[in-house]
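Treat the numbers as computed from the prediction; the structure is a model and nothing was measured. Protein chains get the first letters and strands the later ones, always in sequence-line order, with residue 1 at the start of each.
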Amino acid sequence: MVELNTVIFDILYLLAAVLFIMGIKKMSHPRTAVLGNYLGIFGMLLAAGVSILITLEHKSIENNLMLPIGIIIGAVFIGTMFGAMLFTRVKMTEMPQLVALFNGVGGLASVLVAAASLFAAEPDALHAEVLVAGGLSGLIGAVTFMGSGVAAGKLQELDFFKKQLPIPAIVRHFLNLAMLVACVWCVYAMIGDGNVLLYLLICVLGCVLGYTLTTPIGGADMPVVIALLNSYSGLAASATGFVVDQPVLIISGSLVGASGIILTSLMCKAMNRSLLSVLFGGGMAATYEEDDGVYATVKRTTAEDVALMVDFADRVVFVPGYGMAVAQAQNAVSDLAKMIEDRGATVEYAIHPVAGRMPGHMNVLLAEADVSYEQLRTLEDINPDFDEVDIAIVLGANDVVNPEARKEGTPISGMPILNVDEARQVVVIKRSLSAGYAGIANPLFAAENTSMLFGDGKAAIQDISTALKDL
Amino acid sequence: MVELNTVIFDILYLLAAVLFIMGIKKMSHPRTAVLGNYLGIFGMLLAAGVSILITLEHKSIENNLMLPIGIIIGAVFIGTMFGAMLFTRVKMTEMPQLVALFNGVGGLASVLVAAASLFAAEPDALHAEVLVAGGLSGLIGAVTFMGSGVAAGKLQELDFFKKQLPIPAIVRHFLNLAMLVACVWCVYAMIGDGNVLLYLLICVLGCVLGYTLTTPIGGADMPVVIALLNSYSGLAASATGFVVDQPVLIISGSLVGASGIILTSLMCKAMNRSLLSVLFGGGMAATYEEDDGVYATVKRTTAEDVALMVDFADRVVFVPGYGMAVAQAQNAVSDLAKMIEDRGATVEYAIHPVAGRMPGHMNVLLAEADVSYEQLRTLEDINPDFDEVDIAIVLGANDVVNPEARKEGTPISGMPILNVDEARQVVVIKRSLSAGYAGIANPLFAAENTSMLFGDGKAAIQDISTALKDL
Amino acid sequence: MKNPQKTIWVKWLGFGVMLWAGILVAQENLDTTTETTTESATESAAPIDVPESAPAEKVEAHESEAVEPTDEELAATSDEATSGFDLDRYEALMAGIAVFVVSVFVGFEVITKVPQTLHTPLMSGSNAISGITIVGAILVVADCMKTDKKIALFLAGIAIALAMVNVVGGFGVTHRMLSMFSSKKKKKAA
Amino acid sequence: MKNPQKTIWVKWLGFGVMLWAGILVAQENLDTTTETTTESATESAAPIDVPESAPAEKVEAHESEAVEPTDEELAATSDEATSGFDLDRYEALMAGIAVFVVSVFVGFEVITKVPQTLHTPLMSGSNAISGITIVGAILVVADCMKTDKKIALFLAGIAIALAMVNVVGGFGVTHRMLSMFSSKKKKKAA
Ligand SMILES: NC(=O)c1ccc[n+]([C@@H]2O[C@H](COP(=O)([O-])OP(=O)(O)OC[C@H]3O[C@@H](n4cnc5c(N)ncnc54)[C@H](OP(=O)(O)O)[C@@H]3O)[C@@H](O)[C@H]2O)c1
Ligand SMILES: NC(=O)c1ccc[n+]([C@@H]2O[C@H](COP(=O)([O-])OP(=O)(O)OC[C@H]3O[C@@H](n4cnc5c(N)ncnc54)[C@H](OP(=O)(O)O)[C@@H]3O)[C@@H](O)[C@H]2O)c1
């Protein structure tokens, strides 16, 4: 018999899902985004609370209340501690790794939930659709777990993850396919004889797959992989929803799935590469013939000269890139910008969609340094204005300002770039003439209106500030 | 046992629902909207085709194939004939009535489907949720049917529908509430004893409700009522979806429900009135004290003078309103516009969101007359430009250009209007000085820069064209 | 009262309350329905063989004894088969409601993107979509044949015709309007 | 291959095919499952009383005899009660799939509205939402208690902890980022 409580609980679950949707809707503007996050938190509390109530009301628990309650409270406590530790300690520059880590954790959680529910179920409850959903949940979850682990390791630049597998690509693809087929077979066999131990095999295969699929991908392509795995973790949650038969899981999971897919597609589009070439393409710089003489006309400059130039400028645009994240120069930049503004010039920030190593990476860093939302300008927005810009200060950006993208046949051909070279004067701050993410030379550095300021991003900006103060 | 066919059919149903969603998505631009409509048609064909296949495969039919097939084919044929006749014959000016009519037909279809399915079901299949959904479907469907009928009648200006009920408002509200309660009781009773004949009572009550709810509402408020009933017809379809347990009905129905609600809210917002005041407010002009002297300074003009003015103008803006629809003047306007453009001036159309009697009414009429999409300008878009307009030709518009809306305490206070009075010269074409929809005087007609051209809209515009040709 | 946004919420709230009330009523009456269900199931020669001696009281007693069993328990075990049956039906209903709620969101999102200019075609187009009741109308024909209810069959036939008027007329008129919007595009290009 | 849009379709198609394949497999194996189901149902003292003499062949024969019965028929009649049971479960599954499909649309619609600037918080926020698996983890605890599977209980405990890390960490870090965006708003206003 369906109890009134069940009905109420299910409606509350649905409410939680609606709260998630509304939360993401509120994310469409920075002003309401904080509220959106609260809605999400509230939805999660609601969903978890309802689950605990359902568990407490369960007949089988009334005799032995301590054990399950202890486990739930203990696990929630431990999880909260770890989670809180991670999110309060992490530096904003380590965000990509952290997101990857959370992704992996989420994937593993899906794997374990499906495992627990398959192992705990009585044989007659193991309907075919439950087993299929469980298998999907285990496979996707395991791939997400291991893949995210590898991605996080690569982003943290751990040596272990730099090793390549000593297997030729074609064999690797074949093995991966074989493992996938094996997983399908496992599900089939489980449905046949109800032996849920095969689920373990699926998980193991999933982990191996996650490893072999992500290891060959270059460390710099990790952001795309992470967004894709983000999508997967959502799909795993959705599949778990089919296992435990809860629409709230299905809805939330597919929201996450959609979000990951959209971010993936966005990054690929902004880099003008296809997802397949990122996932299976291998190194992309290999086919590109480089011209040795590009850097013949490079001019150096000093912090003092830059300060002088800035002093005369009316409109200064900062073009931050991955180097700003590495150097953690965001606060120094914001201080310098304030000094420049106090002298009467306008300061803007030109943000390329894939500057840095995450979508929106630069925005977060600059927001951390208290840069106002209105000063952050997008590619489409600022590109027509560059010819009216007095000084463009390129800080640790490279590919996103590389004019080679306008030519045919380079690895970044067709990628939309910031038209920094149209500015009256360009100052590029980086440590050397070495290449960026795409591994190609940048003729901008040798352009007539460009001067290079070599050094660590933060130190260089601080030097300019000091020099400007002394003027 | 679940057959493979069932699975395939259900997936096709889902595909049909997805096609509807994509179809509406494509409606977001005139360029893709035709394709969107085709997607909708395709989805409907798919859904209907699958339903017929399911019926044909049905065991109980194999013995007696002719009857059901005959009924289905016959009904589809008759329906198609009527539908095709209606849509090919209707004039664009009769669109509001037609939409109301289709709405009503849709509501009645929901009522009948629920009825047939309740009567045909074996008693043990009449679960509580089926009965509740059936009751909802019957009630909402009947209200939609009758309400739409009344709305269509009022829009067609049939005398029968102009009569008011000789019952005071408060008693009417009470009776309506009582009928609603009776419907709820019917559902309750049906669940108790499974007597589906009570469903008939629900339908009758629904029809009466539909009549008593809509009759007191003024004919001019019908567009809001129609949009609301549009939403209801969607909800009725959704409820039917719960009766026959088909997600495709639920999804499509709620799409329609959302569309109706959004259009309703949009109209209410653009009129600065609340939905409740439209539905229960009665006549709104009653409380408004009119100043007799407003029309003391009205100036008349002739078609020849207008032609002369137009000949000197660089920028002409047409402001069409309900009168253009009544006079069917859209083609004449478009011809005149072409003549003006040939003489080197620019011509635009300022479209108020609630000009006419349907949302987007003017756009459809002007599109019929081959006016280009780019020339149609929205309120927000053109309002700041009016002070640079040489001549604003107001054609059968009244309330949407009434400056009284800027004052407090009038029936249209707060409604955003087109700032026609800021144009250098204003020509107002209408048959008399009588009021528009809101029933209030319009000081614009007596403004210093305004001159009135009295006459039927189409004839007046044609006169101007002739005069312009003769210049 | 002056804010249209508010009154719309009131409307939706009202709809929600009606739905809720419906569920409550359904809830209270589920015993009765289950009873009839099992009875007629016994009549037909099905593999399920409910002991006919089981009186209604026993079913109810059995139910109140099982103090608030949850989803999980019921789904996992089928030692209370009548309950199990109800539960599956209930889950389908709940999933249906979830579909409804989520679809309303989709509807709001996609429809707010339709520009003012196209609101009349949107109205007639969505009207045509509400002709999806034709699916219900056709499906019900088979039921009618089975139980041999002639009136129901007649009603279903009319419903099909009406829904078809809605579909053909709605899509047709929408197409007529939309092709007006795009026609001069083509002319311009030409 | 150069068009990212295309590859994404390929991905989704792949997912769809997998789902489809799963359904086919489920389909083919439904006999077996039904068999086990009915068997164990007999073991427990349920009102459903399947005649134990009915051999598997008979069940199958019974099925192939009923040439493609449709939704409607099955829903309307319960003279094939085992099938009826399957059908309700199947409908819940189908409704679940409908929920999934429609939610994906909602997701696409609401997420494409998030501006570039907020994509990093969006990523971590949606990550946190994927911690909704905590619901599954908690619900499964009761099942574990019931069947007294200690390993499963242990796994569920770890799953709760992991999901909680995801939830707390995800929402926390999102909040940290978002409050950076809004902080200078307030400062400006002050
Ligand atoms: N954002 C995303 O979501 C995303 C995703 C996938 C791929 N990507 C790719 O990432 C790239 C991003 O372009 P980008 O221009 O931001 O970065 P980039 O092309 O990777 O260049 C970063 C530059 O920063 C410099 N740098 C590193 N550490 C520095 C320090 N401490 N101080 C000063 N400079 C430092 C480096 O030069 P030195 O070593 O000489 O200092 C390097 O050339 C694009 O190719 C994009 O396609 C981005
Ligand atoms: N569009 C919607 O969705 C919608 C929905 C609900 C309510 N409304 C309401 O409808 C009104 C629309 O405003 P509106 O300015 O378009 O129309 P209006 O205020 O109703 O005025 C129409 C004017 O057209 C004139 N007219 C009628 N027939 C004519 C003919 N054959 N030739 C020339 N002129 C003719 C009438 O004056 P004469 O009789 O002197 O000629 C009348 O004053 C607003 O108040 C709005 O709130 C619209």
Side-chain angles (χ1 to χ4, degrees), chain C residues 37-38 40-51 54 58-59 62 70-73 75-110 112-113 136 138-143 145-147, chain D residues 34 37-38 40-41 43-51 54 58-59 62 70-73 75-110 112-113 136 138-143 145-147:
Chain C
T37 313
T38 42
S40 47
T42 329
E43 271 154 41
S44 49
I48 300 186
D49 220 317
V50 183
K58 209 191 138 192
V59 175
H62 178 215
T70 65
D71 266 15
E72 294 317 297
E73 183 188 357
T77 73
S78 37
D79 61 344
E80 305 168 79
T82 24
S83 323
F85 187 78
D86 276 346
L87 189 78
D88 274 317
R89 240 178 56 214
Y90 166 74
E91 266 171 14
L93 173 68
M94 217 50 216
I97 292 176
V99 171
F100 178 77
V101 170
V102 181
S103 311
V104 168
F105 269 95
V106 176
F108 269 88
E109 293 299 325
V110 296
T112 43
K113 276 189 194 148
I138 295 178
L139 289 180
V140 104
V141 165
D143 285 344
M145 290 302 293
K146 180 151 195 188
T147 49
Chain D
T34 326
T37 314
T38 42
S40 45
E43 272 155 39
S44 50
I48 300 185
D49 221 318
V50 183
K58 209 188 138 193
V59 175
H62 177 216
T70 64
D71 265 18
E72 293 318 294
E73 183 189 358
T77 73
S78 35
D79 62 343
E80 306 167 78
T82 25
S83 323
F85 187 80
D86 275 346
L87 189 78
D88 275 318
R89 240 177 56 214
Y90 165 75
E91 267 172 12
L93 173 68
M94 217 51 215
I97 293 175
V99 171
F100 177 77
V101 171
V102 181
S103 310
V104 169
F105 269 96
V106 176
F108 270 87
E109 292 300 325
V110 296
T112 42
K113 276 190 195 151
I138 295 178
L139 290 180
V140 104
V141 164
D143 285 343
M145 289 303 292
K146 182 152 192 192
T147 48

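Considering OG1 of Thr112(C) and CD of Glu109(D), their distance stands at 8.0 Å, rounded to 0.5 Å.
Considering every non-hydrogen atom in both Ala92(D) and Ala95(C), the closest pair reads O-CB, 4.5 Å.
Checking Val102(D), Val110(D), Val104(D) one by one against Val106(C), the side chain to side chain contact (heavy atoms under 4.5 Å, CB included) holds for a single residue, Val102(D).
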